[in-house]
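Here's the structure, in structure tokens; my notes come after.
Every chain is numbered from 1, with letters handed out A, B, ... down the list of sequences.
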2 protein chains.
Amino acid sequence: MGITSRKEREKEEMRRLILDAALRLFREKGFDGVSIRNIAEAIEYSPATIYLYYKDKSEIFFALQFEAAALKRDHLLPAAAFEDPWQRLIEFGRRYIDFGMKHPDLYDLLFIIRSPMESIENQDCWKLGIATHAFFVETVQACVDARYFKSTDTETIAYTLWCHAHGLVSLFIRERMRMYPEEKRAELAMRSFDMIVKMAESL
Amino acid sequence: MGITSRKEREKEEMRRLILDAALRLFREKGFDGVSIRNIAEAIEYSPATIYLYYKDKSEIFFALQFEAAALKRDHLLPAAAFEDPWQRLIEFGRRYIDFGMKHPDLYDLLFIIRSPMESIENQDCWKLGIATHAFFVETVQACVDARYFKSTDTETIAYTLWCHAHGLVSLFIRERMRMYPEEKRAELAMRSFDMIVKMAESL
DNA sequence: CAAATTTAATGAACAGTGTTCAGTGCGCAA
DNA sequence: TTGCGCACTGAACACTGTTCATTAAATTTG
């Protein structure tokens, strides 16, 4: 069965080729700025060929979103090493924000872009994101169990912290902090993170 | 001077006609979903005519953003009636979130869409947004002056509260709360608002 | 090995997009 | 009434995502 397995492998290589080019272009020009023709040109194939490997543009979008979700998971994973749930939670938050700041394009893909959100539940990228979110909620639950907060409403605590972190990153990467001088923005974000940590301590 | 002033008026009426159609279409189909041809068809003119009144699509974008900013200001304004700065701040936050939930399309336009953010500083819409933001920061400052917080770092307090509110609204309207059942989402958002208020009290 | 069949790749096309520009025809001033 | 200016437009350009018949090459079959 050497031939079928080779064909399988070649098909996989082609998908990688497309995805790598797409991700690279996307990071350069943003998601909307990249066309199927751009990707085709980058890999030196005709636009029609792309459609032999991905049903349409949104399938490429989902595949990229999966890559981004995996990268994000890997970025957050080291936080799990902290024994103390409260330290784990702080590290998780710090790494979440750090990921967003370092990879605005990927963060965009994961949390901001609208695109084809309808059928997202069935997609691998979403399942991976859910798993990471679950880890976050579990960490909050561990803090609740260890009586780090007065409140025991894990769901709302987790959601509130997430809102702050997401708001912080997305205001930053979507250029809505222009009322602050550029060199002060990152510092303000850091101060705000410290503040929400302090606020959470007295929760 | 009857003729020139009439012409002036007619020009203004035409711009209104375009903008009203654009805003209506935009609220129906989202910003990316509306084309110049759609707008032209809606007002029964040729696409080329649009370009006699707006330089390009991004100028229509700015004009719409200004409308949205004005609507948002009007939505938030009643908060100013509260004498007590802390009550004023709470009301401001509540109304901010309410605006985002009720007008996701406009909120999108103001705080999420990337589009032509480069030259935004010179645009009226931005100036209006800055003014509303300034009112928010002043309210926080009034709370600080009245010793409602232990912290005196007005800038960081204001920014932290904004991050939370923006994160809350944008996770909601960009469909990133799908891990929560639909009927629970708005309620969770409200609980989170109450929680950040409580957190801020002990700030 | 040759013929038949499957399969990868493509060029051309369709309907859509933002935008430009050479006209066209009407209102107004002289 | 003539002529100028101006609001308006049809047609075009270069782009977009996507489809499909056709070509060419690889593989299977006789």
**Message:** Using C1' atoms of five pairs at each end, report the bend of the helix from C/dC1-D/dG30 to C/dA30-D/dT1 rounded to 10 degrees.
**Reply:** 30°

**Message:** Test of understanding: with side chain to side chain contact (heavy atoms under 4.5 Å, CB included), list the residues that count as partners of A/Ala146, not counting sequence neighbours.
**Reply:** A/Pro85, A/Tyr148

**Partner residues of A/Phe111 under the ring-ring contact (aromatic ring centres under 6.0 Å, His included) criterion, sequence neighbours left out** = A/Tyr96, A/Tyr107

**Fill in**
Those residues at least two apart in sequence (or on a different chain) that pass side chain to side chain contact (heavy atoms under 4.5 Å, CB included) with B/Ala80 are B/Phe135

**Prompt:** So, is the end of the A/Lys57 side chain (NZ or CZ) under 6.0 Å from the ring centre of A/Tyr51 and within 45° of the ring's axis?
**Reply:** no

**Prompt:** Could you state the CD-C1' distance from B/Glu10 to C/dG27, rounded to the nearest angstrom?
**Reply:** 11 Å

**Message:** Using whole Å, what does the distance between atom P of nucleotide C/dG18 and atom CG of A/Asp32 come to?
**Reply:** 13 Å

**Message:** In this structure, how many angstroms lie between the C1' atom of D/dA7 and the CZ atom of B/Arg15, rounded?
**Reply:** 15 Å

**Prompt:** Base, backbone or nothing for each nucleotide of nucleotides 5-16 of chain C, written B, S, -, heavy atoms under 4.0 angstrom, 5' to 3'?
**Reply:** ----BBB-B---

**Spacing of A/Tyr54 atom OH relative to D/dT18 atom C1', expressed in whole Å** = 18 Å

**Request:** Write down the distance between OH (A/Tyr51) and C1' (D/dT16), rounded to a whole number of angstrom.
**Result:** 9 Å

**Asked** What pairs with B/Arg95 under salt bridge (Lys or Arg N to Asp or Glu O under 4.0 Å), at least two apart in sequence or on another chain?
**Response** B/Glu91

Using distance only, find each side-chain donor-acceptor pair of residues 43-50 of chain A under 3.5 Å and give its atom names and separation, not counting sequence neighbours.
{"unit_1": "A/Ser46", "atom_1": "OG", "unit_2": "A/Ala48", "atom_2": "N", "d": "3.2"}
{"unit_1": "A/Thr49", "atom_1": "OG1", "unit_2": "A/Ser46", "atom_2": "O", "d": "3.3"}

**Request:** Please state whether the rings of B/His166 and B/Trp162 are parallel, tilted or perpendicular, taking 30° and 60° as the class boundaries.
**Result:** tilted

**Asked** Between B/Lys57 (NZ) and D/dT16 (P), how many Å, whole number?
**Response** 15 Å

**Asked** When the distance from CD1 of B/Ile36 to C1' of D/dA14 is rounded to whole Å, what number comes out?
**Response** 16 Å

**Asked** Could you give the CD-to-P distance, from B/Glu13 to D/dA7, as a whole number of Å?
**Response** 14 Å

**Request:** For A/Phe99, enumerate each residue passing the ring-ring contact (aromatic ring centres under 6.0 Å, His included) test, keeping only those at least two apart in sequence or located in another chain.
**Result:** A/His75, A/His103

**Fill in**
Contacts of A/Asp108 meeting salt bridge (Lys or Arg N to Asp or Glu O under 4.0 Å) (sequence neighbours excluded), chain-then-number -> A/Arg174, B/Arg114

